[in-house]
Amino acid sequence: MRPKVHVSADGSGAVGHAGARLLADLADATGLTAAYSAALRPLRPRGTGHDPGQVATDLAVMLADGGEAIADLAVLRDQGEVLGPVASTPTAWRLLADTDEAALVSLRAARATAREVAWMQAAETSEGIPAVRAGGRELPGLVLDLVAMLVACHSEKEQAAPTYKGGFGFHPLLCFLANTGEVVSGQLRPGNFGANTAAGHIAVLDQALAQIPDAHRHGTDILIRADSAGSAKAVLAHVRNTRKRGVRTFFSVGYAITEPVRRAVRAMPDRLWHPALNQDGTLRDGAEVAELTGMADLSGYPAGTRIIVRRERPHPGAQLSLFDQDEGLASPGVSHRHPLLQWWFRPVPGGPPPRACHRRGPHPVRQTTGFGRFPSRDFGVITVWLELSLTAVDLLAWARVLLLDGELAAAEPKKLRYRLLHVAARLTRGGRRLRLRISATWPWRHELTTAFHRLAALPRPAS
């Protein structure tokens with residue numbers, strides 16, 4: 001039986017969410033706080049009150065810590081002895097409302113500056129930016145994933161609209177860096193925004209490339225992955241044209257299966273189908289891939305484009321299209337789905353078909369780091385909130401790359417919060433030092449203290 005306890009609200013020296021200090025210090029160590037302060041200096045003309053850059057950083061830390069509303073800053077504000085002075089809710093509101101488009105551009109540039117520092121720190125203290133694994137091998141260079149999502153709204157907000165799934169809200173487009181989990185760019189869009197609009201994909205992609213440090217943007221392979229919404233000819237042509245600026249981009253995008261492709265799939269001999277692979281390189285049971293490049297019209301697409309199709313036996317309960325059912329009738333006892341048609345661009349065509357590189361893992365940060373709830377009716381305020389949400393994801397990603405090992409280095413935000421960020425501690429003073437004491441019985445105490453020690457040892461950017 002549990003021991004009987006008496007609860008009172010008169011404690012002192014206790015600190016909740018002590019791990020949030022790790023993210024706040026990481027923002028300082030990467031120069032993010034200073035860069036934000038410089039970007040938002042026009043919003044503090046007299047130099048009084050809270051530094052807008054510090055307020056923006058605190059909002060990002062709060063979002064990374066799991067906060068969902070501006071009022072959740074109270075969690076950080078009540079830990080003043082550990083986190084320092086934190087702005088009030090009205091002050092944070094004013095910052096979001098006063099950040100116009102010019103200031104937003106400055107915030108993005110500041111985040112790019114901090115990212116460059118974080119990547120240099122990773123190169124000096126570890127193996128640098130990790131590679132993405134697909135099909136049991138490492139993909140060279142960087143991998144950008146363009147991902148659209150839906151954010152439901154339960155109240156009418158500016159530019160919220162009905163979505164294609166019957167809901168109501170927004171349809172933002174994000175660009176993830178698969179290597180680290182950073183969200184390098186994003187665009188807030190109305191719920192009825194067309195998924196196949198090329199302009200949005202091009203704008204988000206250009207913002208993403210601008211976020212990548214120069215040393216990596218030039219001379220490094222950059223694979224761009226997207227679902228069928230990214231297969232518009234204008235988007236693929238834009239990806240190809242970036243090569244003229246010295247950016248070595250490639251694409252791997254989905255595409256809707258058309259009638260000519262259906263005929264090509266039906267005509268494909270069985271000997272030309274290759275076993276498909278899982279992300280870890282193991283064989284994917286009941287799945288095969290084949291190349292249709294010479295059997296479909298590629299006019300208007302970049303030279304070197306290849307078409308890869310995957311077929312696999314459907315799992316129980318899967319909804320089959322008429323084409324899938326027809327294929328099942330054509331092959332008695334063996335029904336197949338054709339879930340992926342992939343357009344694949346490399347400068348030199350040929351070679352075996354890529355069998356797993358397009359497959360993407362889930363992006364759990366979508367609904368857990370500020371994306372699931374927007375705090376205002378004003379579209380401009382929500383746009384700034386989205387930008388700070390991207391910063392929050394970056395802080396978590398940099399913490400994994402720079403400060404953590406093993407399982408936690410690949411942990412989702414929810415796991416990091418439960419094990420590290422939300423830990424309670426005791427604050428003591430002695431020997432002219434302020435000590436944050438993690439419980440000696442906390443299962444992940446060593447991982448958290450090691451992270452703080454690594455943070456203290458990170459090389460700092462020149463002021």
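Between the side chain of Thr293 and the backbone N or O of Ile307, at least one donor-acceptor pair lies under 3.5 Å. Looking only at distances, a side-chain donor or acceptor of Arg445 sits under 3.5 Å from a matching main-chain atom of Ala440. Judged purely by atom type and a 3.5 angstrom limit, Gln211 uses its side chain to pair as donor or acceptor with the backbone of Arg108. Panel note: side chain Asn192, backbone Thr163; no donor-acceptor pair is recorded below 3.5 Å. In this structure, the side chain of Thr33 does not engage the main chain of Gln54 through any donor-acceptor pair within 3.5 Å. Side-chain atoms of Thr220 never come within 3.5 Å of backbone atoms of Arg217 as a donor-acceptor pair (strictly under, hydrogens ignored). In this structure a side-chain-to-backbone donor-acceptor pair under 3.5 Å is present from Asp72 to Glu68. Looking only at distances, a side-chain donor or acceptor of Lys157 sits under 3.5 Å from a matching main-chain atom of Phe374. A donor-acceptor pair is defined here as one N or O able to donate and one able to accept, closer than 3.5 Å; such a pair exists between the side chain of Arg400 and the backbone of Thr180. In this structure, the side chain of Arg248 does not engage the main chain of His218 through any donor-acceptor pair within 3.5 Å.
Aromatic ring orientation, His171 versus Tyr164: tilted (interplanar angle from 30° to 60°). Ring-plane geometry between His17 and His422 is classed as tilted, the angle between the planes lying from 30 to 60 degrees on a 0 to 90 degree scale.
Nearest heavy-atom pair, Leu404 versus Ala451, reported as atom, atom and distance to 0.1 Å: CD2-CB, 4.0 Å. Contact detail for Leu402 and Ala118: the closest heavy-atom pair is CD2-O, 3.7 Å. Minimum heavy-atom separation, Pro375 to Trp93: O-CH2, 3.0 Å. The nearest pair of heavy atoms linking Ala39 to Leu107 is CB-N, 4.2 Å. Closest of all the heavy-atom pairs between Ser389 and Leu63 is OG-CD1, 3.7 Å. The heavy-atom pair separating Ala27 from Thr57 by the smallest distance is CB-CG2, 3.6 Å.
Looking only at side-chain heavy atoms (C-beta outward), Thr30 and Leu26 come within less than 4.5 Å of each other. Contact check for Thr89 versus Arg77: side-chain heavy atoms found under the 4.5 Å cut-off. Between Arg189 and Leu173, some side-chain heavy-atom pair lies under the 4.5 Å cut-off. Under the 4.5 Å side-chain criterion, counting only non-hydrogen atoms from C-beta, Leu188 is in contact with Phe379. Annotation: side chain of Glu81 is not in contact with side chain of Leu436 (no heavy-atom distance under 4.5 Å). Between Phe170 and Met149 the shortest side-chain heavy-atom distance does not fall below 4.5 Å. Side-chain contact between Leu455 and Leu458 is present, with heavy atoms from C-beta onward closer than 4.5 Å. Side-chain atoms of Arg225 and Phe250, non-hydrogen and from C-beta on, never get closer than 4.5 Å to each other.
With respect to Glu387 and Arg111, a salt bridge is recorded, a charged nitrogen being found less than 4.0 Å from a carboxylate O. Taking a cutoff of 4.0 Å between a charged side-chain nitrogen and a carboxylate oxygen, Glu288 and Arg310 do not qualify as a salt bridge. Between Asp65 and Arg21 there is no salt bridge, since no side-chain N of the basic residue sits under 4.0 Å from a carboxylate O of the acidic one.
Rounded to the nearest 0.5 angstrom, Leu73 CG and Met62 CE are separated by 4.5 Å. Within the model, atoms CG of Leu23 and CG of Asp394 stand 11.5 Å from one another, a figure rounded to the nearest 0.5 Å. Thr449 contributes atom OG1, which lies 10.0 Å from atom CG of Leu420 (distance to the nearest 0.5 angstrom). Atom CG of Asp98 is separated from atom CG of Leu40 by 10.0 Å, given to the nearest 0.5 angstrom. Distance CD1/Ile438 to CH2/Trp444: 13.5 Å, rounded to 0.5 Å. To the nearest 0.5 Å, atoms CG (Leu205) and OG (Ser185) are separated by 7.5 Å.
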Apply side-chain contact (heavy atoms from CB on, under 4.5 Å) to the pair Ile224 and Val253, showing each step before the final yes or no.
CA-CA 8 Å; Ile224 298 159; Val253 299; 5.8 Å; no

For Thr391 and Tyr36, what are the C-alpha separation, side-chain angles and deciding distance, and is it a side chain to side chain donor-acceptor pair (under 3.5 Å)?
CA-CA 11 Å; Thr391 304; Tyr36 268 5; 2.6 Å; yes

If you apply the rule side chain to side chain donor-acceptor pair (under 3.5 Å), what do you find for Asp206 with His238, and how did you get there?
CA-CA 10 Å; Asp206 284 347; His238 184 75; 2.7 Å; yes

Please assess Asp378 against Thr383 for the test side-chain contact (heavy atoms from CB on, under 4.5 Å), listing each intermediate value before the final yes or no.
CA-CA 9 Å; Asp378 184 85; Thr383 301; over 6 Å; no

Apply side chain to side chain donor-acceptor pair (under 3.5 Å) to the pair Thr242 and Arg245, showing each step before the final yes or no.
CA-CA 5 Å; Thr242 58; Arg245 305 197 303 265; 5.4 Å; no

Set out, in order, the CA-CA distance, both residues' side-chain angles and the distance that settles side-chain contact (heavy atoms from CB on, under 4.5 Å) for Val239 and Ile202, then state yes or no.
CA-CA 8 Å; Val239 172; Ile202 291 173; over 6 Å; no

Check against side-chain contact (heavy atoms from CB on, under 4.5 Å), Thr249 and Arg243
CA-CA 6 Å; Thr249 50; Arg243 300 176 66 85; 3.7 Å; yes

Take Trp119 and Glu182, measure what side chain to side chain donor-acceptor pair (under 3.5 Å) needs, and give me the verdict at the end.
CA-CA 12 Å; Trp119 286 25; Glu182 295 162 86; 3.3 Å; yes

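Screening Val143, Leu142, Leu223 for a side-chain contact (heavy atoms from CB on, under 4.5 Å) involving Val132 leaves a single residue, Val143.
Under a cut-off of 6.0 angstrom, the local environment of CZ in Arg426 is sparse, with at most 12 non-hydrogen atoms contributed by other residues, nucleotides or ligands.
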